[in-house]
Enquirer: 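Handing you a structure now.
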Amino acid sequence: GGDGGDGDQPATAEPGSEPAPDTTVITGEVFAVRMAAQLATGLSDNWSQVRMAASVASRRFLLALPEAQRERFYEQLLPRICLNRYYVAEGVRLFSQETWRAVVGDRGISLVERYIDATITFYIMQTRADNHAVREAGCACIAELGAKVRTPAMAKHIPDLLQALIEAFNDDSWPVRDAACIASGRFVKCYPEQSAPRMAEFYDLFFQHIGDNIWSVRENAAVALGQVVEAFGAEAFAKVQEKIKAYLPSAKDQKPTSSATPALENVTQFGVARPVSPGGDMIDSQQGGPKRIRYKAGESQDPDHENKQLYSCGSLAPKLKRSTGGGCSSSHGHRRPVEPWELTDGCVYLLRELAASYPTEVTAFLPQLADVARLKHYPHHFSLLETVWKQLPVIAHGIGKRNFKRTDRDFVEPLAYTLQCSNHLAKTAAELCVHALAKFLGPNIFKGHVAEVDDRLVPIFEAALMSPPPDAPLAMAVNPGKSFVPPTGRVVPTFGPPGMSGATASPAAIAAAAAAGPRGPVRLV
């Protein structure tokens, strides 16, 4: 009986008292599912600190489970761990590489193929993230997919992957564009038939980046074009050859000086220069003195300080947005106009990439290369000379001794000039070049060719040959394809371009990868 009938109702808390504790029982199964979801979120967070914490928790979570129970969480977690092996933050990158080896062992490629849909979907999503470092890692992973994964399930994703790479090419952040160059070249090489419908866009982008402001982007655009030529043969080479003819002499059109602030006069007061009119004349004010130009709304009033590089909080990496445009006509908001010498510089890398496959055609360009190496009328000519001397031994090996002996005398005078210059980077590159060419041709033959040009230059080259060569990876040019040990004793693996391993590369790309200092071996297997 009972008189109230309220005994079966739950007791209500008095106002102001603590709420009743939640007595819901969470089983291990429910907890594991919730934990995996949270870990997946943390592994793809834009903050490096969050990714690092999630990486530590993910390793402990997966290794605490028996192998049979891990499998159910692989689709959710493995794509994220896989991508973080290329993340810019070194702690995240190295820890993720160790986690990958500990969790998957030697089954990396087979597991990626098994979960290929989830992996590609995540990679594409990361190439469109707000964080430039994440976008860069996404491009690197797409390059790895193209080089290592061969599963029929890839076919349906190729159009989306190509679109993601084209978008990355137009990124404001140059490391993302750099990674896009590497990824696009490898992907086109591995899937030429599927890439053919979009090659017109890729050609435009590759040729744009041959003259990029950043030297590594120029180099990797050349590497990518070399892979395109390898994939499409004579048709692609004809297109590249035409661009070399147009771009290689560009340094001759370089102005003696370049101004980053053309709208300011070269007179300052308290460190601030006054703007001038477009014609260069100052405009008189009512007081009889010069006055500032009146700009229309939206026009830049201070090109020296506006539209400049931004940097991420807590790091020195550039903080730039991804491209909002979808095609190769999109402008990169943080790129200055291309300097003519940069187009020539990019062509030097192109000649390196094509030398072994097209020795006769590349040999025909060497007299023009020697001509631009003689130019000294612009401030950055030392940067171009540094590139020429670093790549000339590789080009020489590609075209062979017989072809190179026809043109090597053309480089004697600019080499002698650089050996005596005060620019240490260019001078060191020239010294390395002399050592490599003397070893390639033979010391006596090389000195004989110098004497034929001007016997007064022989002592300059003898002095360079008598001094020990600087420790630098250019020595790889005489033994392409072999690892070398830098002064630090760290063995650098022969893979390239930097950041990728396990891919077939030309000797030139191997040398370039070693010079850039790759980020450590990263393997799917």
Side-chain angles (χ1 to χ4, degrees), residues 32-48 50-63 65 67 69-89 92-131 133-158 160-165 168 176 179 183 186-187 499-502 522-525:
V33 171
R34 290 186 181 180
M35 175 62 76
Q38 290 298 321
L39 291 174
T41 301
L43 288 170
S44 56
D45 195 272
N46 277 337
W47 281 83
S48 301
V50 178
R51 286 202 182 218
M52 186 68 211
S55 297
V56 173
S58 297
R59 181 195 290 187
R60 293 185 178 181
F61 174 74
L62 290 173
L63 294 181
L65 296 173
E67 180 64 30
Q69 295 183 27
R70 285 185 211 165
E71 294 277 347
R72 59 178 302 192
F73 302 111
Y74 279 172
E75 184 173 7
Q76 199 170 16
L77 298 180
L78 284 189
R80 289 156 173 81
I81 298 173
C82 194
L83 181 135
N84 285 336
R85 294 173 306 124
Y86 288 100
Y87 194 67
V88 171
V92 176
R93 184 173 67 251
L94 297 179
F95 192 88
S96 298
Q97 292 170 16
E98 294 172 359
T99 299
W100 185 263
R101 288 190 288 267
V103 173
V104 306
D106 59 356
R107 299 181 301 137
I109 292 178
S110 62
L111 286 174
V112 169
E113 290 177 344
R114 184 186 307 176
Y115 303 110
I116 191 67
D117 291 344
T119 300
I120 291 178
T121 299
F122 180 70
Y123 284 178
I124 293 175
M125 180 181 71
Q126 295 293 276
T127 63
R128 294 165 181 164
D130 290 334
N131 188 328
V134 176
R135 300 196 298 272
E136 182 183 354
C139 290
C141 287
I142 291 176
E144 185 180 48
L145 276 182
K148 298 180 182 178
V149 176
R150 290 290 182 274
T151 175
M154 279 277 289
K156 64 180 180 180
H157 295 288
I158 290 177
D160 293 332
L161 289 168
L162 294 175
Q163 178 60 34
L165 291 175
V176 179
R186 293 187 176 191
F187 211 82
M500 313 292 174
S501 67
V522 181
R523 297 189 179 276
L524 272 176
V525 294

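Model, not experiment: these values are computed from the prediction.
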Enquirer: Please determine which of Glu144, Met125, Gln126 meets the side-chain contact (heavy atoms from CB on, under 4.5 Å) test together with Leu83.
Expert: Gln126
Enquirer: How long is the span from the CD1 atom in Ile116 to the CG atom in Leu111, to the nearest 0.5 Å?
Expert: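 The CG atom of Leu111 is 11.5 Å from CD1 of Ile116, to the nearest 0.5 Å.
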Enquirer: Would you compute the distance between atom OH of Tyr115 and atom CG of Leu77 and round it to the nearest 0.5 angstrom?
Expert: 11.0 Å
Enquirer: Would you give the length of the straight line joining atom CD of Glu136 to atom CG of Asn131, rounded to the nearest 0.5 angstrom?
Expert: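 So the gap between those two atoms works out to 10.0 Å.
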Enquirer: Tell me if a side-chain donor or acceptor on Asn84 pairs with a main-chain N or O of Leu43 at a distance below 3.5 Å.
Expert: yes
Enquirer: Examine distances only and state if a side-chain atom of Thr127 and a backbone atom of Ile124 form a donor-acceptor pair shorter than 3.5 Å.
Expert: yes
Enquirer: Taking all atoms of both residues into account, what is the closest heavy-atom pair of Trp47 and Tyr87, and its distance?
Expert: C-OH, 4.5 Å
Enquirer: Answer yes or no: is there a side-chain heavy-atom contact under 4.5 Å between Leu39 and Phe73?
Expert: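 No, every pair of side-chain atoms sits at 4.5 Å or beyond.
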Enquirer: Sequence neighbours left out, what passes side chain to side chain donor-acceptor pair (under 3.5 Å) with Ser44? Give chain and number order.
Expert: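 For Ser44, no residue satisfies side chain to side chain donor-acceptor pair (under 3.5 Å) once neighbours in sequence are set aside.
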Enquirer: What residues, two or more places apart in sequence or in another chain, satisfy salt bridge (charged side-chain N to carboxylate O under 4.0 Å, His left out) together with Glu71?
Expert: Arg107, Arg114
Enquirer: Give me the atom names and distance for the closest heavy-atom approach of Arg150 to Leu145.
Expert: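 Closest approach of Arg150 to Leu145, heavy atoms only: NH1-O, 4.4 Å.
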Enquirer: What distance separates Gln38 CD from Ser58 OG, expressed to the nearest 0.5 Å?
Expert: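 The OG atom of Ser58 is 11.0 Å from CD of Gln38, to the nearest 0.5 Å.
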Enquirer: Atom NZ of Lys156 and atom CG of Leu161: how far apart are they, to the nearest 0.5 Å?
Expert: 12.0 Å
Enquirer: Identify the two heavy atoms, one from Phe61 and one from Ala32, that lie closest to each other, and give their separation to 0.1 Å.
Expert: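 Scanning both residues, the minimum pair turns out to be CZ-O, 3.7 Å.
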Enquirer: For Ile142 versus Phe187, what's the shortest heavy-atom pair and its separation?
Expert: O-CD1, 3.7 Å
Enquirer: Report the distance from atom NZ of Lys148 to atom CZ of Arg186, rounding to the nearest 0.5 Å.
Expert: 8.5 Å
Enquirer: Does the side chain to side chain contact (heavy atoms under 4.5 Å, CB included) test come out yes or no for Ile81 and Leu62, once each step is laid out?
Expert: CA-CA 11 Å; Ile81 298 173; Leu62 290 173; 3.9 Å; yes
Enquirer: Should Asp117 and His157 count as side-chain neighbours, where that means a heavy-atom distance under 4.5 Å?
Expert: yes
Enquirer: Give a yes or no on whether a salt bridge exists between Arg101 and Glu98, defined as a side-chain N under 4.0 angstrom from a carboxylate O.
Expert: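 No salt bridge links Arg101 with Glu98.
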Enquirer: Taking Arg80 for the side chain and Gln76 for the main chain, is one N or O donor matched with an acceptor at less than 3.5 Å?
Expert: yes
Enquirer: Is any side-chain heavy atom of Ile120 closer than 4.5 Å to one of Asp160?
Expert: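 Counting from C-beta outward, Asp160 and Ile120 never come under 4.5 Å.
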Enquirer: Would the distance check show the side chain of Arg85 and the main-chain N or O of Gln97 forming a donor-acceptor pair, the cut-off being under 3.5 Å?
Expert: no
Enquirer: Is there a donor-acceptor pair under 3.5 Å between the side chain of Arg59 and the backbone N or O of Ala102?
Expert: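 Not confirmed, Arg59 side chain does not pair with Ala102 backbone.
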Enquirer: Could you tell me which non-hydrogen atom of Ser48 sits nearest to which non-hydrogen atom of Val92, and how far apart they are?
Expert: O-CG2, 3.7 Å
Enquirer: List the atom of Gly108, the atom of Trp100, and the distance in Å for their closest heavy-atom pair.
Expert: CA-CZ2, 3.9 Å
